[in-house]
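Letters A, B, ... mirror the listed sequences (proteins, then strands); counts begin at 1. Since we're looking at a predicted model, the values are computed, not measured.
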There are 2 protein chains.
Amino acid sequence: MSEILRQQIEKITPLTDKEFEYILSHFTRKKIKKHQYLLQEGEAVQNDYFVTKGLLKAYYVNQDGKEHIMQFAMEDWWITDYQAYFNETNATLNIDCIEASEVLCLSLRNREKLCADMHKIEHFFRKKSNAGYVALQRRILSLLNSNAKERYEQLLQQYPLLFQRVPKTLIASYLGVSRETLSRLSS
Amino acid sequence: MSEILRQQIEKITPLTDKEFEYILSHFTRKKIKKHQYLLQEGEAVQNDYFVTKGLLKAYYVNQDGKEHIMQFAMEDWWITDYQAYFNETNATLNIDCIEASEVLCLSLRNREKLCADMHKIEHFFRKKSNAGYVALQRRILSLLNSNAKERYEQLLQQYPLLFQRVPKTLIASYLGVSRETLSRLSS
DNA sequence: TTCTTAATGTGATTTATATCACACCAAACT
DNA sequence: AGTTTGGTGTGATATAAATCACATTAAGAA
């Protein structure tokens, strides 16, 4: 269902049916099974992904094989390796499915074309990017200022829905704590 | 000197003299002395600030009175409390001058007006915001994945100019390490 | 069902970093 | 010139969290 994308855009700017149809024509659809990769480290990053169904994670794997989760994405969220996507370099992140998912794929070329053609859409993406920037600043502040327990509680409060779907092990990896420490905090 | 702003914009999109003059008319100038506040916690956030001269820091002060630096800004950088600026809420960050500074001030109203009037400028701000988002992701990854020493070395490599101007104590506060630990690392 | 894999809890130990305390020096005021 | 303030180094100690190790349970796969 692409209605969910339309709704997201319309929270920022109204669209006619024609306009939305035009926008949507720049996306392709993709279904991914559980545990399947959407993106692997070292590959070129083809797309930004808008999630219409399911749940994914983008994560970095370091030299020791430890995973650090950059972001989750469920319905109505966007996900990709943005550094690589915007700069057209190879991915340093992996993205794979926590649950079977469906996404709408937007290549950088189509994104830029849409933005050039429709001032509205450039406005939409600017607003989304600003909101994303602010969200990351909050996360940084949380990392700088709070200990493991506080970060856990903040996340729980901010994204309660996530907890019903994401195993604690992955929450730990997102928070930058070991799964053992997180386990001890909950109790 | 506002030429520095023009150069920054022209890295993304070319401008005529008229266009730049029009853009600049939406900014006001401000000079700030060393140690003076540009913004204090609890205030309304009037502007986003483009630095033409000097060096500033934006930081959060927690319940215990400990400072955590969200960002620095020197010539050619932007700085404000973005969460509060974009959402028109009161500041949770403080901004003050490390060196005597000069800034160009852009209110949210003028920013939105410029973006609505000139597609070019909306494009510029979208690009800047995207780049900012990517930079914050890098910082998060650094916080998740690296210890104090590694983070220090990464920062040193990424912003070598900063080190000649910012005391180590503040670098520590940006990295999320105590000044004592940072001091021991350097040696 | 049985087998394997993923998720979780919990003890014992180690380690990175924070905290406390004090000394020293350089810069800025007055 | 003298006095305050800001920046820095370094020892001793405390603490949050990582790591290692093992047990338990739940969930998928054959």
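- For the OP1/OP2 pair of D:dA16 and a distance below 4.0 Å, the side-chain nitrogens and oxygens of A:Thr181 include no atom meeting the criterion.
- A ring-centre distance under 6.0 Å is not found for B:Phe27 and B:Tyr49.
- Going from atom CG of B:Leu175 over to atom C1' of C:dA18 covers 15 Å, rounded to whole Å.
- The aromatic rings of B:Phe125 and B:Trp78 stand perpendicular to each other, their planes meeting at an angle above 60°, with 30° marking the opposite boundary.
- Between the CD atom of A:Glu99 and the C1' atom of C:dA6 there is a distance of 15 Å, given to the nearest Å.
- Comparing A:His35 and B:Lys66 by the nucleotide of DNA chain C that holds the closest heavy atom to each, the one mapping nearer the 5' end is A:His35.
- Atom P of nucleotide C:dA16 and atom CG of B:Asn147 are separated by 8 Å, given to the nearest angstrom.
- The nearest whole Å value for the distance from the NZ atom in A:Lys34 to the C1' atom in C:dA6 is 10 Å.
- Atom CG in B:Leu144 sits roughly 14 Å away from atom P in D:dA17 (whole-Å rounding).
- Side-chain nitrogen and oxygen atoms of B:Lys149 include none within less than 4.0 Å of the OP1 or OP2 phosphate oxygen of C:dT15.
- In this structure, A:Thr169 reaches the C:dT8 phosphate: one of its side-chain N or O atoms is under 4.0 Å from OP1 or OP2.
- On a pure distance criterion of 3.5 Å, a polar donor-acceptor pair joins the side chain of A:Arg184 and the base of D:dT19.
- One atom, CZ of A:Arg179, and another, P of C:dA7, lie 10 Å apart when rounded to the nearest Å.
- Residues B:Phe163 and B:Tyr152 place their aromatic rings such that the two centres sit under 6.0 Å apart.
- The B:Ser178 side chain lies nearest to C:dT19 when the options are D:dT8, C:dT10, C:dT19.
- Here A:Glu99 pairs with A:Arg165 in a salt bridge; the nearest charged N to carboxylate O distance falls below 4.0 Å.
- A straight line from CD of B:Glu67 to C1' of D:dG7 spans 14 Å, rounded to a whole angstrom.
- Take the nearest nucleotide of DNA chain D for B:Leu170 and for A:Val177: the residue whose nucleotide is more 5' is B:Leu170.
- Open room surrounds CZ on B:Arg138; 12 or fewer heavy atoms of other groups in view lie less than 6.0 Å from it.
- As a whole-Å value, the separation of A:Leu182 CG from C:dA7 C1' is 12 Å.
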